[in-house]
Amino acid sequence: MKKGFLLIVLFLMLCAPGMSGAAKLPATPKPDKKTLILAWERVQSQDPHTRKFEKIDANRYLLETDLFPFKDEVQVLYLAVDDEYPDEIEGFVIVQLKGVDKGFRELYSRNLSIWERHNRLYWSSDVDKWLTGKEYQDLQNSLTSKSKSTKKTGSKMSQESRALIIFGVFNGIAFAILFLGMGVVLFLMFRKQMALQKDLIEKQLNILAAFAHLGKGQQNTNMLLQGIYKRLGAARRPGQPKQPQQATPKAPGNVSRK
């Protein structure tokens with residue numbers, strides 16, 4: 001029981017760093033007012049026409065730009081996020097330039113409109129951030145170019161794949177024909193070899209049959225001769241002449257004297 005408890009504690013200690021690391025992962029940005037004001041601050045500070053941009057207080061900033069003669073306070077009145085269409089989310093930063101009247105706006109209307117473009121931002125789900133109109137357009141063009149390049153690459157790859165498939169099919173057919181041809185040649189060679197072996201076996205059987213026939217003939221000859229000998233022997237027995245007895249030579253000492 002104690003060992004099991006120690007194992008559980010050790011497992012939790014090992015998993016704790018991973019769990020804490022997972023808990024510290026930043027959340028995915030969302031197109032809301034909080035991310036909108038941060039993106040607007042970034043755009044204003046990075047604008048090449050901006051000479052000075054500092055945050056004074058909540059919704060209050062000090063701005064100096066060379067687009068029009070202004071070095072004063074900018075107040076953010078309110079923020080608006082138009083998310084009616086998820087694919088086209090827009091954010092609006094409504095501001096007020098301190099000391100700018102109607103006559104100033106009429107005089108610098110063109111430059112003011114250029115500056116105010118950065119007060120309208122576009123949310124990109126591809127990069128999960130707010131972008132200016134130019135940044136958004138550049139991103140879309142880049143994605144379109146990548147898509148076309150991917151299509152071309154895919155088309156080229158499909159052509160190469162098609163060529164490889166055709167090459168593989170031809171190779172398969174050639175290999176099948178070669179394999180079939182080799183099989184036919186081997187079959188013919190095997191058939192010829194079997195025919196030769198059959199002829200050889202038949203010749204050997206013929207030779208054996210000839211030897212057997214000769215052996216049978218020899219046996220018949222032997223039997224015939226034996227019969228002849230028997231007949232000859234039977235014919236001699238009734239009148240067979242007696243062979244003359246040879247005289248026994250006498251010893252020299254036994255000769256009688258007359």
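Note on Lys134 versus Asp138: salt bridge recorded, some NZ/NE/NH1/NH2 to OD/OE distance being below 4.0 Å.
Taking hydrophobic clusters as Ile, Leu, Val, Met, Phe, Trp and Tyr residues chained together by side-chain heavy-atom distances below 4.5 Å, Ile114 shares a cluster with Phe104. Leu188 and Leu196 fall into different hydrophobic clusters, where Ile, Leu, Val, Met, Phe, Trp and Tyr residues are linked whenever their side-chain heavy atoms come under 4.5 Å apart, directly or through other members. Clustering ILVMFWY residues whenever any of their side-chain heavy atoms sit less than 4.5 angstrom apart, transitively, puts Leu77 in the very cluster that holds Phe92. Note: the hydrophobic cluster containing Val74 also contains Val43 (ILVMFWY, side chain heavy atoms under 4.5 Å, direct or indirect links). Criterion: ILVMFWY side-chain heavy atoms under 4.5 Å apart, direct or through other members. Under it, Trp123 and Leu143 are not part of a common hydrophobic cluster.
Inter-residue side-chain proximity for Val81 and Trp130 is flagged as met; some heavy-atom pair is nearer than 4.5 Å. Under the 4.5 Å side-chain criterion, counting only non-hydrogen atoms from C-beta, Thr132 is not in contact with Arg117. Using a 4.5 Å heavy-atom cutoff, the side chains of Leu97 and Asp72 are not in contact. The side-chain heavy atoms of Lys198 and Met194, taken from C-beta on, include no pair separated by under 4.5 Å.
Taking every heavy atom of both residues into account, Ser124 and Leu131 meet most closely at CB-CD1, 3.8 Å. Contact detail for Ala39 and Leu121: the closest heavy-atom pair is CB-CD1, 3.8 Å. Listed here is the closest heavy atom pair of Ser109 and Glu106: OG-O, 3.6 Å.
Applying the 6.0 Å contact sphere to CD of Glu88 captures no more than 12 heavy atoms from other residues, nucleotides or ligands.
Between Trp40 and Phe53, a ring centre-to-centre spacing shorter than 6.0 Å is recorded.
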Worked check of side chain to side chain contact (heavy atoms under 4.5 Å, CB included) between Lys98 and Gln75: CA-CA 8 Å; Lys98 186 177 181 180; Gln75 184 177 1; over 6 Å; no

Test side chain to side chain contact (heavy atoms under 4.5 Å, CB included) applied to Thr50 and Leu63, step by step: CA-CA 8 Å; Thr50 299; Leu63 172 66; 4.1 Å; yes

Stepwise side chain to side chain contact (heavy atoms under 4.5 Å, CB included) check, Asn119 with Gln44: CA-CA 9 Å; Asn119 297 340; Gln44 292 298 329; 3.5 Å; yes

Worked check of side chain to side chain contact (heavy atoms under 4.5 Å, CB included) between Val76 and Ile94: CA-CA 6 Å; Val76 177; Ile94 309 303; over 6 Å; no

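With Thr65 contributing its side chain and His49 its backbone, the two residues share a donor-acceptor pair below 3.5 Å. With hydrogens and angles ignored, the 3.5 Å screen pairs a side-chain donor or acceptor of Asn111 with a backbone N or O of Leu67.
Side-chain contact, Glu41 with Tyr61: a donor N or O sits under 3.5 Å from an acceptor N or O. When only modelled atom types and interatomic distance are considered, Asp32 and Thr35 share a side-chain donor-acceptor pair under 3.5 Å.
Distance check: Asn206 CG to Lys203 NZ gives 9.5 Å after rounding to the nearest 0.5 Å. The distance from the CD atom of Glu135 to the OH atom of Tyr122 is 12.0 Å, given to the nearest 0.5 Å. Glu73 CD to Arg60 CZ: the interatomic distance, rounded to the nearest 0.5 Å, is 4.0 Å. Residue Arg105 holds its CZ atom at 8.5 Å from CZ of Phe68, rounded to the nearest 0.5 Å. For the atom pair NZ of Lys129 and CG of Leu139, the computed distance is 9.5 Å after rounding to the nearest 0.5 Å. To the nearest 0.5 Å, atoms CZ (Arg110) and CG (Leu112) are separated by 11.0 Å.
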